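Computed from a predicted structure; not experimentally measured. Heads up: numbering here begins at 1 and tracks the sequence.
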Amino acid sequence: MKPDGEVNPIDTDYQVGQDNIALKIGPFGLDIHNRVFLISGLFITLFVFVTLAFRDDVAPMFGDMRGWLTSNLDWFFLSAGDIFVLVCLFLIVSPLGRVRLGGTEATPDYTYAGWFSMLFAAGMGIGLMFYGVSEPLSHYASSFGGTAVENGVRTDWAPLGAAAGNAEEARKLGMAATIYHWGLHPWAIYAVLALGLALFSFNKGLPLTMRSVFYPLFGERVWGWVGHVIDILAVVATLFGLATSLGFGASQAASGLNFLFGIPLGTTTEIILVVLITMLALVSVVAGLDAGVKRLSEINMMLAILLLLFVIVAGPTIAIMTGFFSNLGAYLENLPALAMPFGREDVNFTQGWTAFYWAWWISWSPFVGMFIARVSRGRTVREFIICVLLIPSAACVLWMTAFGGTAIDQVVNDGYTAVTEAALPLQLFAMLDALPFAQITSFIGIVLVVVFFVTSSDSGSLVIDTISAGGKVDAPVPQRVFWCTFEGLVAIVLLMGGGLVALQAMAVSTGFPFTIVLLVSCVSLIKGLMSEPRD
């Protein structure tokens with residue numbers, strides 16, 4: 001799409017898709033970047049084969065791999081997260097915030113409502129359903145239980161210094177820790193990459209693919225192996241990040257179906273769910289961005305808002321409304337300590353929770369970043385950062401306050417223990433069971449998990465297809481079908497080869513190298529913005 005108004009385009013002889021191979025296989029056409037598609041596809045295929053062939057051997061290996069990465073590199077992930085937030089805050093207050101994506105005269109392609117729906121559903125959906133009750137409850141319980149030390153090392157899972165025996169302080173600390181994982185930091189990761197992709201595509205005239213962001217640093221070399229490696233890493237990280245989320249979604253949907261209808265729990269049920277939901281995602285993929293993802297995202301938002309309003313009204317309404325502000329205050333108060341990368345004693349919290357989360361968000365960032373970039377043309381940098389960073393963060397605070405706060409209130413004030421005794425994927429349904437209309441709301445919860453699952457798989461397939469097609473956004477539909485099917489297959493293989501531990505291990509292992517890519521992209525982004533005309 002041509003820019004509207006003034007821009008400072010990059011002069012390059014590279015044409016989108018010039019390294020692509022166009023094939024015709026029967027009635028199906030393919031248009032793929034030969035190296036990116038083939039190498040990433042072969043690597044993932046080899047991984048699937050090895051995991052299936054040596055299933056008993058790889059399961060413990062996945063657990064060891066995740067443990068080593070998070071315990072040795074927790075400082076690196078925490079430092080990177082802080083850098084992304086600082087870059088975003090700098091762009092909001094600096095004159096660079098006046099740069100408009102798509103040119104000085106560009107206008108937004110989507111309304112605020114449609115825009116928020118798509119970026120929120122793509123960025124956080126399944127995670128909010130899975131962790132909305134369980135994480136605040138977990139941090140509250142570990143904080144209330146206090147610290148425990150063996151051989152000079154803390155063995156408890158409480159954040160910071162805990163709040164032993166003090167229910168109110170434990171609640172505040174638990175909610176602050178939860179918001180830390182779902183607020184500014186993850187959205188800053190998405191915003192930095194999304195902004196770079198949008199700028200270099202809409203303003204600089206480069207292909208909508210990861211390598212384009214690095215043009216100010218590497219010049220024409222981004223069209224060679226430097227760019228190939230960046231795009232291959234993006235494809236692999238995105239696929240494993242998505243597979244992790246799909247695994248969480250399948251386990252929660254299976255738990256909900258068991259809770260409501262007595263359907264047996266287990267890997268078989270989860271695999272059947274992955275297959276069924278992947279089929280639904282295929283239908284949406286074929287429909288395209290506006291007819292498929294946009295429509296599903298808007299349906300999702302309406303259902304999510306209905307469920308949220310129900311919990312606010314049926315739960316401890318006053319506590320939720322006042323808790324929103326007190327939780328936000330607790331988050332801001334504890335943020336410097338929670339974000340400190342060095343000298344931490346709460347090692348289980350930083351390694352088992354924060355380091356995993358940051359690696360997971362980063363592995364999702366090519367997918368979410370490119371998706372946000374595609375729907376954000378016409379926004380100024382300042383508007384983009386404020387909306388992508390602050391509004392979804394505020395929505396996450398409200399969601400966690402309503403769902404997590406209700407569960408904590410049930411435990412503290414009502415003595416309701418079923419929610420704490422339930423398995424992690426079932427805790428949402430256990431919380432809803434103590435409220436009116438439990439059967440209806442639990443069913444809506446399952447539908448939300450499924451539709452979030454579909455929108456993530458759908459939009460992820462569009463993004464991976466764009467990268468593996470050399471930046472073409474109109475590549476043949478069979479390619480999107482291939483990647484959507486592949487995502488489901490990888491999720492199934494990982495569930496068979498070690499369950500959620502295997503899924504988490506692959507998200508962390510692909511998130512680590514991509515963290516380095518993202519940090520370098522921040523420098524390139526600022527260089528690119530400095531050369532642009534401003535409103």
Work out which heavy atom in [X] is nearest to a heavy atom in [Y]; give both atom names and the distance.
X: V523; Y: L217; answer: CG1-CD2, 4.2 Å
X: A158; Y: D346; answer: O-CB, 3.5 Å
X: V235; Y: V36; answer: CG2-CG1, 4.3 Å
X: L173; Y: P159; answer: CD2-O, 3.4 Å
X: L208; Y: L197; answer: CD1-O, 3.9 Å
X: A402; Y: L308; answer: CB-CD1, 3.6 Å

Quick one, [X] and [Y] - any side-chain contact, counting heavy atoms below 4.5 Å?
X: R377; Y: T107; value: no
X: I408; Y: L137; value: yes
X: V397; Y: T401; value: yes
X: F512; Y: F76; value: yes
X: P186; Y: W360; value: no
X: F214; Y: V226; value: no
X: L529; Y: L91; value: yes

Give the C-alpha distance, both sets of side-chain angles, the deciding distance and a yes or no for side chain to side chain donor-acceptor pair (under 3.5 Å) between K204 and S531.
CA-CA 10 Å; K204 303 297 187 183; S531 67; 2.5 Å; yes
Working to the nearest 0.5 Å, report the span between [atom1] of [X] and [atom2] of [Y].
X: L86; Y: L184; atom1: CG; atom2: CG; result: 10.5 Å
X: I179; Y: F324; atom1: CD1; atom2: CZ; result: 8.0 Å
X: M302; Y: L448; atom1: CE; atom2: CG; result: 11.0 Å
X: H139; Y: M400; atom1: NE2; atom2: CE; result: 9.0 Å
X: S40; Y: F486; atom1: OG; atom2: CZ; result: 8.5 Å

Is R379 salt-bridged to D109, cutoff N-O under 4.0 Å?
no
Please confirm whether the backbone N or O of [Y] pairs with a side-chain atom of [X], one donor and one acceptor, at under 3.5 Å?
X: Q351; Y: T70; answer: no
X: R534; Y: R98; answer: no
X: T406; Y: F403; answer: no
X: D4; Y: T104; answer: no
X: S468; Y: I464; answer: yes
X: S521; Y: L518; answer: yes
X: S134; Y: F130; answer: yes
X: S79; Y: P341; answer: no
X: N203; Y: R100; answer: yes
X: D465; Y: S461; answer: no

Between [Y] and [X], do the side chains contain a donor N or O and an acceptor N or O under 3.5 Å apart?
X: N8; Y: E532; answer: no
X: W157; Y: S138; answer: no
X: W182; Y: E135; answer: yes
X: S376; Y: W115; answer: yes
X: T278; Y: E487; answer: no

cation_pi(R382, F90) dist<6.0 Å, angle<=45
no
Could you give me the CA-CA distance, side-chain angles and deciding distance for W75 and T350, then say whether side-chain contact (heavy atoms from CB on, under 4.5 Å) is met?
CA-CA 9 Å; W75 63 271; T350 56; over 6 Å; no
With ring centroids as reference points, do [X] and [Y] lie under 6.0 angstrom apart?
X: Y357; Y: F77; value: no
X: Y180; Y: W358; value: yes
X: F349; Y: H181; value: yes
X: F84; Y: H185; value: no

In V463, I467, I44, the residue satisfying side chain to side chain contact (heavy atoms under 4.5 Å, CB included) with W483 is I44
Can you list the steps and then say if L280 with V451 is a side-chain contact (heavy atoms from CB on, under 4.5 Å)?
CA-CA 9 Å; L280 289 174; V451 182; over 6 Å; no
Give a yes or no on whether E345 atom CD has more than 12 heavy-atom contacts from other residues, nucleotides or ligands under 6.0 Å away.
no
For side-chain contact (heavy atoms from CB on, under 4.5 Å), just list the numbers for T441 and F310, CA-CA rounded to whole Å, side-chain angles, deciding distance to a tenth of an Å, and then say yes or no.
CA-CA 9 Å; T441 54; F310 170 80; 3.3 Å; yes
Check the pair L96 / I526 against side-chain contact (heavy atoms from CB on, under 4.5 Å), numbers first and verdict last.
CA-CA 8 Å; L96 299 178; I526 291 171; 4.3 Å; yes
